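What's counted below: heavy atoms across the whole structure, side chains too, no hydrogens, waters or symmetry copies. Keep in mind that this is a model prediction, so the values were computed, not measured.
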There are 2 protein chains.
Amino acid sequence: MSRRSGVLEFAVLGLLRESPMHGYELRKRLNTSLGVFRAFSYGSLYPCLKTLVGQGWLIEEPGSAPEDALAATLAGRRAKIVYRLTAEGKEHFEELLAQTGPDAWEDEHFGVRFAFFGQTSREVRMRVLEGRRSRLEERLAKMRASLARTRERLDDYTLELQRHGMESVEREVRWLNELIESERAGGRGASRRSHDPSESTGGLPRDRGSSRPDPSDDTTK
Amino acid sequence: MSRRSGVLEFAVLGLLRESPMHGYELRKRLNTSLGVFRAFSYGSLYPCLKTLVGQGWLIEEPGSAPEDALAATLAGRRAKIVYRLTAEGKEHFEELLAQTGPDAWEDEHFGVRFAFFGQTSREVRMRVLEGRRSRLEERLAKMRASLARTRERLDDYTLELQRHGMESVEREVRWLNELIESERAGGRGASRRSHDPSESTGGLPRDRGSSRPDPSDDTTK
DNA sequence: TTCGTCATGTAATGGGTTACATGATTAC
DNA sequence: GTAATCATGTAACCCATTACATGACGAA
């Protein structure tokens, strides 16, 4: 009955910070914006929302979301429950944003943390990126060591699997290197709300191809 | 009290097929050979072993493992429990090996399945590789679609995260392409026990650098 | 003799999914 | 009118981890 997830909680607070939403929409954003890394179901989302309300970090409002402006005025409309971040919730989220340490750069957390780098101070961004990098380098060292010990006893496929796994990690390290360099270079602000057009957040190297827009079917298969 | 994992069960059966082992060693191999993808703890391993014994797929033997030859003869040695695959267990594993379908190529399963490709028939290998590839391509399509829809509303970091995620998937697809090509090219046997030196399992493209052996500390940090 | 690692386990807890139940709204 | 999708929830289960408890053995 507690449902204190960490990742889910963080993501929900982060998304609601941008704008109030109801559960259904929240879930969609969770599985696209933060996509690939995690997909949550209603079975975890709704209970989580409940506990966040219980904490005083969220309040439920009857459907008065911007897009509902018209419909809301009409009678008998089934009340979509819109969740809005409270002041306490905002404060709590700031604290979470400021945290560094393993809970920021381990596999389960890093993705979400990165997704909200737009609201994160540059110092924290740096610590998280560097933390993750050294975590991965540690992992690489172990992999190399274990590979050196067991190379002969392994069949081709197991070996290929490890090689590919290691390359994946190496690739992420290179990615982190670029990001860290960008952060160092782009010496601008502590950056809140990067929606703000007056400030481009870092010097992120973008548009290296790969994302040819290719309109196809809807999100949920 | 059931502990029917799928992944863990499969991996345990697969490793024990190669040679009998006790739990402790099993766990180490689990976290290196099949490394990166999953790490299991005793809290899941031992109960799993119990249920596998219950199914009749494993038998417990008092410590008579090869390396224990000397020690075993001595009195009062604490009996390491060595687990050995039974005939039924072997049969069951063959069945698991032959299975194709989502349970073979979804994220949680693919790694382990690949790790035991050495014991898998070429037809099944092909189906699994192709299944995974089309799964990933499906995923790519969704990502591209959702990106096309939301590109403007996203901040730089979220965008960068998605770009990197997509590139990762694209990279795995290329990897699968190479593997599939190799499988097609290396027209050799149904391949059991690739330890056998008389048969190199496919035409796996190896040694593209990346794995400079670098002796360092032991497996468990 | 104490520390590290080998070795085996259990109970409590965590964090999530699946399947189910319900009903409103929209598009065809 | 009927199918899809929007929308909210709950209960049962799943798979695994953490922390704990226990103890033997080898080396410094």
Check whether the side chains of B/R171 and A/S168 place a donor and an acceptor atom closer than 3.5 Å, and report yes or no. yes
Is it true that B/E160 and A/W175 share a donor-acceptor pair across their side chains at a distance under 3.5 Å? yes
Once you round it to whole Å, what is the distance between [atom2] of [N] and [atom1] of [X]?
| X | N | atom1 | atom2 | value |
| --- | --- | --- | --- | --- |
| B/D103 | D/dC15 | CG | P | 11 Å |
| B/E106 | D/dC15 | CD | P | 15 Å |
| A/E25 | D/dT5 | CD | P | 17 Å |
| B/R27 | D/dT17 | CZ | C1' | 11 Å |
| B/K28 | C/dT8 | NZ | P | 12 Å |
| B/K80 | D/dC25 | NZ | P | 11 Å |
| B/N31 | C/dT5 | CG | P | 16 Å |
| A/E9 | C/dG16 | CD | C1' | 15 Å |

Nearest to the side chain of [X], heavy atoms from C-beta on, is which of [options]?
| X | options | answer |
| --- | --- | --- |
| A/Y46 | D/dT8, D/dT17, C/dT5 | D/dT8 |
| B/I81 | D/dA16, C/dG9, D/dG9 | C/dG9 |
| B/H22 | D/dG9, C/dA7, D/dT8 | C/dA7 |
| A/P47 | C/dT8, D/dT10, D/dT8 | D/dT10 |
| A/L8 | C/dG16, D/dA16, D/dT10 | C/dG16 |

Any ion pair linking B/E60 and B/R84 (charged N to carboxylate O, less than 4.0 Å)? no
DNA chain C nearest-nucleotide lookup for A/L45 and B/E60: closer to the 5′ end is B/E60
Mapping B/G23 and A/A39 to their closest nucleotides on DNA chain C, which lands nearer the 5' end? B/G23
Output yes when at least one side-chain N/O atom of [X] is less than 4.0 Å from OP1 or OP2 of [N], else no.
| X | N | value |
| --- | --- | --- |
| A/S44 | C/dT17 | yes |
| A/Y42 | D/dG9 | no |
| A/S41 | C/dT17 | yes |

Angle between ring planes, A/H92 versus A/W57, binned at 30° and 60°: parallel, tilted or perpendicular? parallel
As a quick check of understanding, evaluate side-chain contact (heavy atoms from CB on, under 4.5 Å) for A/V173 and A/N177, giving each step before the final call. CA-CA 6 Å; A/V173 169; A/N177 283 335; 3.9 Å; yes
Need one value for A/F10: base, sugar-phosphate or nothing, where a base atom within 4.0 Å counts as base even if backbone is also close, heavy atoms only. nothing
